[in-house]
2 protein chains.
Amino acid sequence: MAVRVTMADVARAAGVSTATVSYVLSGKRAVAGGTRKAVEAAIAELGFTVNTAARSLRTGRSSIVALVVPDLANPFYAQLAASLREELRPLGLHVMVCDTKADRDEERAYLREAVQQRFAGVVITPFRLTAKDFLLLSEAGIPAVVSADLPFGETDLVTPDARAAMRAALTEVTGAGRRRIAMIAGPRDATGGDPRLELLRALAVQFGLSLPGRLVVRGEHTREAGAAGFAHLMGVKHRPDAVFCANDAVAIGAMDKAEELGVGIPGDVALIGHDDASFASLVRPRLTTVRYSAVDVGRAAARLLVERLDGRVTRRTVRVKAEFVPRETV
Amino acid sequence: MAVRVTMADVARAAGVSTATVSYVLSGKRAVAGGTRKAVEAAIAELGFTVNTAARSLRTGRSSIVALVVPDLANPFYAQLAASLREELRPLGLHVMVCDTKADRDEERAYLREAVQQRFAGVVITPFRLTAKDFLLLSEAGIPAVVSADLPFGETDLVTPDARAAMRAALTEVTGAGRRRIAMIAGPRDATGGDPRLELLRALAVQFGLSLPGRLVVRGEHTREAGAAGFAHLMGVKHRPDAVFCANDAVAIGAMDKAEELGVGIPGDVALIGHDDASFASLVRPRLTTVRYSAVDVGRAAARLLVERLDGRVTRRTVRVKAEFVPRETV
DNA sequence: CTGAAAGCGCTAACAA
DNA sequence: TTGTTAGCGCTTTCAG
């Protein structure tokens, strides 16, 4: 047990030096065909696998990329993880998924962890972090890609472009004669406020609508918060006839509560989600939503990260277009 | 940038040796109060974080535990990940979640990876692996905990005890006068067959029912496979009036198809899921299912793993009881 | 209670 | 085209 085969063993078996074994593995130096064959045979024979700890110590960099997200149980992030992994895998990079539960201390702990482990990079959807928290990473020379609306210091950015999609949503909502729009938004203390709310506010004006403070409720990005927020909105006078939600989980929570309260969806109130998480098409009526493609985000983040590892030093931003998905709740 | 602070820096600043710094960190040797204070101050001052690559190289073991699952998008596994992480975190162990998409090559690749990275341990829900594949791990001295029905070689095991729950399900199904039960089971080539199917078969006999081959359909553990399986079952003559599903995703797929086909649930056909994934209570009618607690599995796996790391050498098995959750589809 | 120093396995600069 | 070798930063044995 614990028979560990080292490069030295392989080198001995193949009758070469460890340098040659290393070069066969990395391809960073030409190796004669016969030599390569011998080395490969020895590797197979002995069942050698490189010790990544030694490699990392030597190179000062691990092959792990951390993906830090607020909620793994949200299929959006699960998909993002899958997408990122798929993009990074061919490059020999591994993804370590970290769930922070939207907690700032957890978020920080993972950034710290990234430094400690000398991760190759970090892809993060920050929820309660500030630019200052990213100093740790930049000091350690670890590139970060942020999926958010604004960058943090020198980080690269993957950001949604939801304007057209939201405009389409509002067109549909107002087309059905609805005028009293509301939003169940994210928490007040989230990093950078709530861009989805800001966007809705801005667009509302263009549609001649208003979004008064009493029609904006705030809470976590969870089903429970959605239910609570919807309950509150239904208690307000001149209650809304259309409710935009911070994400699909929130919208589903709102649907739970609507059913409980006997409020008709979309008869009495239209409901618009965000993200198009896998369960959006699962509920009845099917949730109308604004799709933000986790796969596209993963791809973009991977590309940005790889460019950084290849030496790019200037900050870059990639916009990912959102898309209106009309279903049955408007 | 890339200012890396090493233990030597800390030692110098505190006027001690690196050994002392190391012992302050690990607590493996008594250190005088004053010395400890000085070291801690220096660590804080310089912002030192230990280089885990060096540590791993030296100790021959990383602090990462791999959690290898067939489908991260399934909330059951997302929950399992969260649970495992929570249990292992206080021990300084980190969880790396690996999604294999139920593919054997992926599963193997991750076991290989575990060896390469000298992971502290592996927790895995194998889908198409055989005992032989685990040799790699045992040779490298890496403990594995398997979440399945049977162990693989020397691995520890967390296994479901679903007999009582399934019996309750059958009682409810037959109580409603249903006699023609069917199952949309897992793929034929899955490791260890399909224990949920075997259990259903065994229990059916006790209820004086039969589960003929034409009423057993096989497919992946996905919504799509569920839809396809259900479509097939609806085409069979003497079609079933109760369908058990390999997991909840499969059951949801069956519901999709039932709606499309105009088959009433539970009016025409009763539907029973498995796992109680978060979306089981989301669909309408709400899915009746057999709950298998991911949190309990995570806890058990963590405990087994830690015992191994503490030196236990004999194989252990922990049973986790499943529970019947009657909702609206029977 | 503390320090000196070896060495984990690898990479890459330098030498041949 | 290949080999020699220093050294990455840590833990731990041995010595004091």
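Model, not experiment: these values are computed from the prediction. Letters go in sequence order (proteins before strands), and every chain restarts at 1.
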Enter the distance from Asn74(B):CG to Leu80(B):CG here, rounded to the nearest 0.5 Å.
10.5 Å
Residues forming a ring pair (Phe, Tyr, Trp, His ring centres under 6.0 Å) with Tyr77(B), sequence neighbours excluded:
none
Under 3.5 Å, is there a donor-acceptor pair between the side chain of Ser83(A) and the main chain of Gln79(A)?
no
In numerical order, the residues of residues 57-64 of chain A whose heavy atoms come under 4.0 Å of DNA chain C are Arg58(A), Thr59(A)
Determine whether Asp103(A) and Arg128(A) satisfy the following criterion, salt bridge (Lys or Arg N to Asp or Glu O under 4.0 Å), listing intermediate values before the conclusion.
CA-CA 7 Å; Asp103(A) 180 271; Arg128(A) 294 191 152 99; over 6 Å; no
Check whether Arg85(A) reaches the backbone of Met96(A) with its side chain - one donor and one acceptor, N or O, closer than 3.5 Å.
no
What pairs with Arg315(B) under salt bridge (charged side-chain N to carboxylate O under 4.0 Å, His left out), at least two apart in sequence or on another chain?
none
Under 6.0 Å from the CZ atom of Arg112(B), do we count more than 12 heavy atoms belonging to anything else shown?
no
Under 4.0 Å from any heavy atom of chain B: name the first and the last nucleotide of DNA chain C that qualifies, 5' to 3'.
dC1(C) to dG9(C)
Determine whether the side chains of Glu154(A) and Ser138(A) contain a donor N or O and an acceptor N or O closer than 3.5 Å.
no
Hey, mind stepping through Arg108(A) and Asp133(A) against salt bridge (Lys or Arg N to Asp or Glu O under 4.0 Å) and telling me if it holds?
CA-CA 7 Å; Arg108(A) 279 188 170 152; Asp133(A) 293 311; 2.8 Å; yes
Mind checking what makes side-chain contact (heavy atoms from CB on, under 4.5 Å) contact with Arg319(B), not counting sequence neighbours?
Thr159(B), Asp161(B)
Without swapping roles, check the side chain of Asp296(A) against the backbone of Ser293(A) for a donor-acceptor pair under 3.5 Å.
no
The helix from dC1(C)-dG16(D) to dA16(C)-dT1(D): angle between its terminal axes, five pairs each, to 10°?
30°
Please list residues of residues 6-14 of chain B whose heavy atoms come under 4.0 Å from any atom in DNA chain D, ordered by number; otherwise none.
Thr6(B), Met7(B)
Side-chain contact test, heavy atoms from C-beta onward, threshold under 4.5 Å: evaluate it for Val69(B) versus Cys98(B) and give yes or no.
no
In residues 41-51 of chain B, what donor-acceptor pairs under 3.5 Å come from side-chain atoms, sequence neighbours left out?
unit_1   : atom_1 : unit_2   : atom_2 : d
Asn51(B) : OD1    : Ala53(B) : N      : 2.8
Asn51(B) : OD1    : Ala54(B) : N      : 3.2

Charged N to carboxylate O under 4.0 angstrom, Arg104(B) versus Asp189(B)?
no
Among residues 19-40 of chain B, which ones have heavy-atom contacts with DNA chain C below 4.0 Å?
Ala19(B), Thr20(B), Arg29(B), Ala30(B), Val31(B), Ala32(B), Thr35(B)
Sequence neighbours excluded, which residues qualify as side-chain hydrogen bond (donor to acceptor under 3.5 Å, both in side chains) partners of Arg303(B)?
none
Could you list all the ring-ring contact (aromatic ring centres under 6.0 Å, His included) pairs where at least one residue sits in residues 111-137 of chain B, not counting sequence neighbours?
Phe127(B)-His221(B), Phe134(B)-Phe152(B)
Reading DNA chain D from 5' to 3', where do the contacts with chain A start and stop? Cut-off is 4.0 Å to heavy atoms.
dT1(D) to dG9(D)
Report the distance from atom CG of Leu93(A) to atom CZ of Arg89(A), rounding to the nearest 0.5 Å.
11.5 Å
